[in-house]
Amino acid sequence: MDYTAAQRAAISTLDDPLLIIACAGSGKTQVISQRIVEILRRPGVRPENVVAFTFTEKAAAELKNRTLELIEHDLGPIHGLADMYIGTMHGFARSVLQTWVPETFKYAVLNEIQNRLLVDRNSNKCGLTTAKAMVKGTSRPLWRYKESGLFMQVVGILREDDIDQEKIPEDLDEALGMYRTVLHSLRYFDYTELLRTTVDMLESDPGDSMAGPLVRHVRDAVRYVVVDEYQDTNHIQERMIQGLCRFGANLCVVGDDDQTIYQWRGSAVRNIQTFTRRYPGVRSVTLDDNFRSSPAVVSLAQTVAETLVDDRLAKNMVASGHQEFDRGDLLAVEFSGADDEAVWICDRIAALRGTPFRDDRDEAPRGLSWSDMAVLFRSVAKDADPLVAELKRRDIPYVIKGLARLFDAPEIQACVTAFSYIIGESGADDVRDSWNAADIGLDAADLTAGLKVLDEAKNWQPGARWGSYTLQRTYLDFLEAVGLREDTVPSADGTVRGELVFYNLGKFSQAISDFEQIHFQSDPARKYEGFVRWLTHHAPGYYAESDADVGYATPDAVTIATVHQAKGMQWPAVFVPALRKNRFPSKRQGGINVFHVIPENAVPDAERYRGTEADEARLFYVAVTRAQKYLALSFSPGGSSMYARRSVFFDLATRNPNVLTAAPPVRTVARLEPRPRHELPDVTLSFSELKYLFECPYQFKLRFLYGFNPPIHEALGYGKSVHDVMAEIHKRAIDGDLASAAEVADLVDRHLNVPFAYPALREQLRDAARKAVSRYLAENRGILGQTLHSEQQVQVRVAPGITVDGRIDLIRRLDTNETSIVDFKSTERAQAEEVTRDQLHVYVLGYQELTGRRADLVEVLNLDERSRSTREVVDESLLGDIQNKIRNAGEALRANDLPRHRHWCKACATCDLAGICRDKPA
DNA sequence: CTTGTGGTTATTTTT
DNA sequence: TAACCACAAG
């Protein structure tokens, strides 16, 4: 790989704090990866010394894969790569807490929807009504349900930003305290609390009793910190970075202040703009070669960037790629209506298809295909309808993000009707009508069977345990009774409808899980009623987007996306329609916002949350720089007078000399056969996902691609709790601190978290856990001191782009001096023996990757006294087989080839989802 | 060029 | 409910 002088400078600066200003298309990911390789090349540096942050999981997967590829190529096999962290800051926080702070082991992380359900359910205890909004000079409390979203934003900002405590009203501070108390008493982190807890600990003294191990780990292990997309970091994230570097780790931040587009999350462009002032001795490198776009696209982007005057970091993007500019590539066209605009875009898409295009300088040209084109909107939800209709009319394939609303789907409406039947708000005829309207291949007899399930759910017995009436159970039973199958969903055109319907039904299953996680402990009558109430009033707003983007395989289709979603991507041809005043740039929004609750002067530069003209210009800059060669901007007046005028961005573009305002007649170039660029998606699987994939590919699809969840079990959390106890015991054992029998009760009490158990069950589980741990200690105390690793992160890269990662429960040395890999099982729940054997042999591979050594034995230690433990010698022949098996499974996943088993088999017998897969044998 | 009024609209999304 | 825009009036 040839690097430019600037790239080489960035790659080789390893000792001074480094700021890399990376223009769009400047090969940023490659540079970061290569720099990590150079770090690892240094004598004495181990992979665990490196921590690299990205903004999203997707970016992390890309960076990780690129880095591993380079390492393989430049350094050959090196060990311990599983200890190198490349991921999001939230992921890092979770991982270090999980490793170093036993007190946090039992915490679960809430997603945003569960978070909001929690706030609504505990609105008084959470401080929702204690917090007050200042409206027209008088204060009033916030509304439950209606303003709980606002409340969450408020408690988010209060914990993430650099707040002037003096200016916070007492009642608001109290509300925040109440909210945090509720979170902690239920053992939950929200995304913010996860970061806050970690950051607060990172800033503690190395001798601190709780945070000490974490701080000492950072002090001893973290030597190089890399932060990508630095312009999108906010105050708490900056604190996290400082916490990691406080013992002298080298810091490298990478970003582009012109591409800050997440300001409403509180990201502070100032972090990157003032970086050189805040860290002493910073070396600054600007990557201003754009290898992606033609000179004309680059010049237009420059025009946009130059409107951003204040405090912009100096840079001068130059086109250095191989794309050539031909007059007519850049257009800014006006239309009298959105329909004309849509027709024109489709015409142009059709005309561009088959046009010769070179992905690389010295590669033969290929014909452009559907997936080489993208249409980017400021708001897909508001503006994309006419285009979608036209694409549909012409049978041009497209994938769209963020338009269809989940609860508008007829099959979801039918689900809602089924639950409202249970609480007596709909009749049997309503249920039949709604499912018939969904047209998913059910006949009258199927629905009769389904109604029987719903009738049973109606008849809960007062006094019976609440946990036996789970919504998820009812839902899955209903789907099983009606005999729904993916391949019997009728479809007019192709085979995709079954997939879409199952995707939506899977999402509904997730919605049930979200609700039930928070409302499990309500009595059946209230739970079902509350659920229906939530489904009709609140859920539709929460689950706004249902993208039918199922699987890893990328279809050959035109992309319709928002500019935000397009960040980090590129296409040969890009369209940016609906460039209307008040939409793009977007006008400010009315209604009450966080600053009606938080005094504006308590937050530094509070303006940044609201979004400015400059922020919109940055967004437009991002849109323009996605194009490699063809870029068509267009305007048509929208429905009302508000959107009747042209955007300033459109006018700005027309002033650029490379832009034509009318499309020239199509040049007659030799057309080629359209051939989409073949890009293999990176696949990273956890061990448990892999287990499902081995067991049954279709079950994997139902669970992880569609999102179907099994019902919550009352004892859920027990296995994890015992696991956590073992983890603490072994971590202490490594430090030479052997737990005694007298500590068992205390250990169990600290880690036991069974939120869905009724009181008697909880006692029973506590007792079982104590027994299991005592028995384990009694039987293994002798070799506790020979613990090598506990909860060890491992990673196996079986093929380029296919990685498996996970944690090994325990690695220990036996008295025979053999190394043994141990997996704990704590419940009777059977798992096929060969699956366990496979899993353990994957661990063996992981351990070998980590240390270069081969383990001798694999053990399953059953902590449940009624099950047996196993101990086997590592099977050499199995190790090769398993690699192939993983590779094949990964390839199948990439190709979206996830079939069900041909016949009912052992896996079906234990599968929670068999009922929506096939008929059970008599 | 400023001010008042009535009408219209309320985005983006990651963890 | 709040904020902003377009347009008209002064």
Side-chain angles (χ1 to χ4, degrees), chain A residues 53-60 87-95 108-115 133-138 140 142-143 146-147 149-150 152-153 156 159-160 189-199 228-229 231-234 236-237 240 259-267 376-384 401-403 541-545 547 561-568 578 580-597 608-613 615-616 618-620 622-623 637-645 647:
Chain A
F53 292 131
T54 60
F55 194 62
T56 64
E57 299 282 3
K58 193 171 147 243
T88 62
M89 290 204 196
H90 290 85
F92 180 79
R94 189 139 173 68
S95 160
V109 182
L110 291 173
N111 69 32
E112 208 162 324
I113 291 166
Q114 294 167 331
N115 202 178
M134 286 294 296
V135 179
K136 288 181 179 162
T138 50
R140 61 154 177 86
L142 299 183
W143 291 97
K146 204 176 141 217
E147 285 166 345
L150 176 72
M152 280 164 49
Q153 273 181 281
R159 288 170 299 157
E160 293 210 0
F189 283 133
D190 64 10
Y191 292 129
T192 297
E193 200 63 19
L194 181 62
L195 289 189
R196 257 309 275 266
T197 306
T198 310
V199 168
D228 192 12
E229 304 285 12
Q231 78 282 355
D232 280 328
T233 54
N234 64 15
I236 188 90
Q237 291 170 324
M240 175 114 143
Q259 296 187 65
T260 316
I261 61 171
Y262 288 104
Q263 66 293 127
W264 76 88
R265 283 177 54 263
S267 66
L376 307 181
F377 288 92
R378 176 69 242 261
S379 164
V380 168
K382 301 282 178 212
D383 291 335
K401 298 194 163 204
L403 177 76
Y542 301 172
Y543 297 88
E545 281 135 44
D547 44 294
T562 63
V563 182
H564 287 89
Q565 289 164 334
K567 193 179 190 189
R580 299 166 184 155
K581 185 176 179 184
N582 293 335
R583 166 110 303 138
F584 197 6
S586 162
K587 74 175 177 66
R588 281 169 158 207
Q589 152 190 350
I592 66 169
N593 62 48
V594 283
F595 295 112
H596 291 244
V597 183
R608 74 182 194 277
Y609 281 94
R610 319 185 82 160
T612 59
E613 286 272 311
D615 290 319
E616 293 289 315
R618 290 187 189 102
L619 198 55
F620 186 61
V622 168
S640 79
S641 64
M642 189 80 97
Y643 301 115
R645 297 170 180 223
S647 158

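Protein chains get the first letters and strands the later ones, always in sequence-line order, with residue 1 at the start of each. Predicted model, so just to flag it, every value in this text is computed and none were measured.
- Checked against salt bridge (charged side-chain N to carboxylate O under 4.0 Å, His left out), A:D383 has the following partners two or more places apart in sequence or in another chain: A:R580, A:R583.
- In this structure, A:S586 does not reach the B:dT12 phosphate: none of its side-chain N or O atoms is under 4.0 Å from OP1 or OP2.
- Rounded to whole Å, atom C1' of B:dT12 lies 13 Å from atom CG of A:L376.
- Judged purely by distance below 3.5 Å, without hydrogens or angles, the side chains of A:E160 and A:T192 pair a donor atom with an acceptor atom.
- If you check B:dT14, B:dT12, C:dA6 against the side chain of A:K581, the one that comes closest is C:dA6.
- Between the CZ atom of A:F189 and the C1' atom of B:dT15 there is a distance of 14 Å, given to the nearest Å.
- Separating the CZ atom of A:R580 from the P atom of C:dA6 is a distance of 14 Å, rounded to the nearest angstrom.
- Using a 4.0 Å heavy-atom distance criterion, A:E57 is classed as a sugar-phosphate-only contact.
- The side chain of A:Q565 places no N or O atom within less than 4.0 Å of a non-bridging phosphate oxygen (OP1 or OP2) of B:dT12.
- When distances run from any side-chain atom of A:H564 to the nucleotides B:dT15, C:dA6, B:dT12, the shortest one goes to B:dT12.
- At the phosphate of B:dT14, neither OP1 nor OP2 sits under 4.0 Å from any side-chain N or O atom of A:K58.
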Tabulate atom names and distances for all N/O pairs under 3.5 angstrom spanning the protein and nucleotides 6-10 of chain B.
from, atom 1, to, atom 2, distance (Å)
B:dT9, OP1, A:S640, OG, 2.3
B:dT9, O3', A:Y643, OH, 3.1
B:dA10, OP1, A:R583, NH2, 2.7
B:dA10, OP1, A:Y643, OH, 3.2

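- A straight line from CE of A:M152 to C1' of B:dT15 spans 12 Å, rounded to a whole angstrom.
- Under the rule for a side chain to side chain contact (heavy atoms under 4.5 Å, CB included), the partners of A:M642 that lie at least two apart in sequence or sit in another chain are A:N582, A:K587, A:S640.
- Evaluation of the side chain to side chain contact (heavy atoms under 4.5 Å, CB included) rule for A:A561 yields A:L376, A:T559, A:Q565 as partners, not counting sequence neighbours.
- Along DNA chain C, the nucleotide nearest to A:N582 and the one nearest to A:I592 differ in position, and the one closer to the 5' end is contacted by A:I592.
- Between the CD atom of A:E616 and the P atom of B:dT12 there is a distance of 11 Å, rounded to whole Å.
- Applying the ring-ring contact (aromatic ring centres under 6.0 Å, His included) test to A:F55 and every residue at least two apart in sequence or in another chain returns A:Y262.
- The phosphate of C:dC7 has OP1 or OP2 within less than 4.0 Å of a side-chain N or O from A:R645.
- Across the protein-nucleic acid pair, A:N234 atom CG and B:dT14 atom C1' stand 11 Å apart, rounded to whole Å.
- For the pair A:F620 CZ and B:dT12 P, the interatomic distance rounds to 18 Å; values are reported in whole Å.
- Spacing between atom CG of A:N593 and atom P of C:dA3 amounts to 7 Å, rounded to whole angstrom units.
- With sequence neighbours excluded, the residues satisfying side chain to side chain contact (heavy atoms under 4.5 Å, CB included) with A:S95 are A:T99, A:R807.
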Task: Test side chain to side chain contact (heavy atoms under 4.5 Å, CB included) applied to A:T88 and A:T56, step by step - done: CA-CA 6 Å; A:T88 62; A:T56 64; 5.6 Å; no
